[in-house]
Amino acid sequence: MGYVLLFLATLSWSFVGVLVKSVSFMLDSTSITFLRFAIGVLFLGGFLWIKDRALRLSWDNRWIWIGAVGKCCNYFFENMALSKGYSYGNILVGPVQTVILLMLSAFWFKERIGPKGWFAAALCVGGVLLISWNGLPLAVFLQGHAAITFLYVVSAIGAAFHVLSQKMLIRSMDAGNMNFSVFFWCSLLMALPLPAQAHMTGPVQIVPLLAVTGLGLITGLSFYWFSQALTRVSFPVAIIVSNSGVLFTIVWAYLIYHDPVTPYIVGGAAVFVSGLVLLNLPVRKPAARVRQERGASVS
């Protein structure tokens, strides 16, 4: 069951780019962000009610608000960038988020980052730069592609603080109610600018309506699926499988929207996925140290 949940989460995340692109032909980025959260809360709340016959909405923890603001930033700027660029562009968020979390660990939490961690971060940055550049002349890159990359970087900063809040909240809350609380407040925060910014970008059509419903389903359930998968599947396997979603994202973008997939895109994705996997693989202890620790535990 763990592998099924892991695959469902990974597959659902891979569709986010093409789904947001579909909705952008009907709605603006603010409306898309609000609906991702609002519909997600309905799906997750309904699922938790059926499962546990109870819902717990929390608000009196600063990490809930840090997570909510971070996730709003993540989705809003990701949606804006996807509306302007290719539907696979959100693959940049993951590696940039990883580098930001690594820097927060090193300089804020004062954790020691070894050579493996910094090398993995360098691979992530190299992959992002390769995808962002995509072989374009510098003048063409600076005209539009640099601005889109900047939007993804801001989105990744928000995503990093959301992940950080999850690490703090999971100590005292279960995954379902934690995500329900954060996404509930996200939907209220994103409702505030709606009167001033919400507008139609195109006619109402069935495909965008289905797409925004799918985004809500993904927002509401995918994080719960992934957290449950982590309790049943080894962490290295979960990291490798979840990061393979990048490849699916590129495939869907090519098949559905015929976005150009160049060797730079494929190569950059391979480079930063290697960095993500390397960073998350556990360090094997030397055999002598393992025997020493086992001996100490016996005595």
Side-chain angles (χ1 to χ4, degrees), residues 1-16 19-20 23 27 29-76 78-79 97 155 158-195 198 209-233 235 238 242 245:
M1 188 61 181
Y3 289 98
V4 174
L5 292 172
L6 178 61
F7 179 75
L8 282 174
T10 302
L11 189 64
S12 63
W13 290 333
S14 72
F15 278 107
V16 166
L19 291 176
V20 170
V23 185
L27 295 172
S29 299
T30 304
S31 300
I32 297 173
T33 307
F34 166 74
L35 289 171
R36 286 180 73 173
F37 288 126
I39 298 174
V41 165
L42 292 177
F43 276 118
L44 180 58
F47 173 78
L48 293 176
W49 181 258
I50 294 172
K51 175 177 173 288
D52 301 324
R53 291 296 175 183
L55 287 175
R56 185 162 64 92
L57 179 63
S58 302
W59 59 273
D60 55 346
N61 188 316
R62 64 171 179 166
W63 285 107
I64 289 177
W65 294 101
I66 291 173
V69 172
K71 201 59 182 174
C72 286
C73 175
N74 170 213
Y75 276 7
F76 176 74
E78 179 186 67
N79 293 338
Q97 167 194 300
S155 173
F161 278 94
H162 174 244
V163 170
L164 189 59
S165 76
Q166 288 186 310
K167 290 179 180 293
M168 298 298 181
L169 292 171
I170 201 65
R171 300 172 182 175
S172 58
M173 300 178 67
D174 65 279
N177 285 293
M178 175 186 70
N179 285 318
F180 177 78
S181 297
V182 171
F183 292 152
F184 178 86
W185 298 118
C186 282
S187 63
L188 290 190
L189 289 174
M190 289 309 305
L192 297 177
L194 281 179
L209 290 174
L210 291 175
V212 76
T213 304
L215 285 170
L217 177 64
I218 291 170
T219 298
L221 297 181
S222 63
F223 294 97
Y224 179 80
W225 290 337
F226 187 69
S227 64
Q228 292 300 304
L230 288 179
T231 65
R232 297 172 171 86
V233 179
F235 189 69
S242 61

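FYI, the numbering just counts along the sequence from 1.
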From CA spacing to verdict: side-chain contact (heavy atoms from CB on, under 4.5 Å), Leu189, Lys71: CA-CA 11 Å; Leu189 289 174; Lys71 201 59 182 174; over 6 Å; no
Can you measure from [atom1] ([X]) to [atom2] ([Y]) and round to the nearest 0.5 angstrom?
{"X": "Ile39", "Y": "Leu215", "atom1": "CD1", "atom2": "CG", "answer": "8.0 Å"}
{"X": "Phe34", "Y": "Leu188", "atom1": "CZ", "atom2": "CG", "answer": "8.0 Å"}
{"X": "Tyr224", "Y": "Asp174", "atom1": "OH", "atom2": "CG", "answer": "7.5 Å"}
{"X": "Phe43", "Y": "Phe183", "atom1": "CZ", "atom2": "CZ", "answer": "14.0 Å"}
{"X": "Phe180", "Y": "Arg56", "atom1": "CZ", "atom2": "CZ", "answer": "11.5 Å"}
{"X": "Thr213", "Y": "Ile218", "atom1": "OG1", "atom2": "CD1", "answer": "11.0 Å"}

Which pair of non-hydrogen atoms, one from [X] and one from [Y], has the smallest distance, and what is that distance?
{"X": "Met178", "Y": "Ile170", "result": "SD-N, 3.9 Å"}
{"X": "Ala175", "Y": "Ser227", "result": "CB-OG, 3.3 Å"}
{"X": "Asn179", "Y": "Phe223", "result": "ND2-CB, 3.7 Å"}
{"X": "Met173", "Y": "Ser181", "result": "CE-OG, 4.0 Å"}
{"X": "Thr33", "Y": "Phe76", "result": "OG1-CA, 3.3 Å"}
{"X": "Ser222", "Y": "Ser12", "result": "CB-OG, 3.5 Å"}

Check: Asn74 side chain, Gly70 main-chain N or O, donor-acceptor pair, under 3.5 Å: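 No.
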Sidechain-backbone polar pair: Ser14 side chain, Leu11 backbone, donor-acceptor under 3.5 Å: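 Answer holds: yes.
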Side chain to side chain contact (heavy atoms under 4.5 Å, CB included) partner of Met190, the single match among Ile32, Thr30, Leu35: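 Exactly one option meets the side chain to side chain contact (heavy atoms under 4.5 Å, CB included) with Met190, and it is Thr30.
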Arg36 and Val20: CA distance, side-chain angles, deciding distance, side-chain contact (heavy atoms from CB on, under 4.5 Å) verdict: CA-CA 10 Å; Arg36 286 180 73 173; Val20 170; 3.9 Å; yes
Pair Trp59 and Trp185, ring centroids less than 6.0 Å apart: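 Not close enough - the centres of the two rings lie 6.0 Å or further apart.
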Centroid-centroid under 6.0 Å between Phe161 and Trp63 rings: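 No, ring centres 6.0 Å or more apart.
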side-chain contact (heavy atoms from CB on, under 4.5 Å) between Ser165 and Ile64, worked out: CA-CA 7 Å; Ser165 76; Ile64 289 177; over 6 Å; no
Residues His162, Val182; criterion side-chain contact (heavy atoms from CB on, under 4.5 Å); working and verdict: CA-CA 9 Å; His162 174 244; Val182 171; 4.2 Å; yes
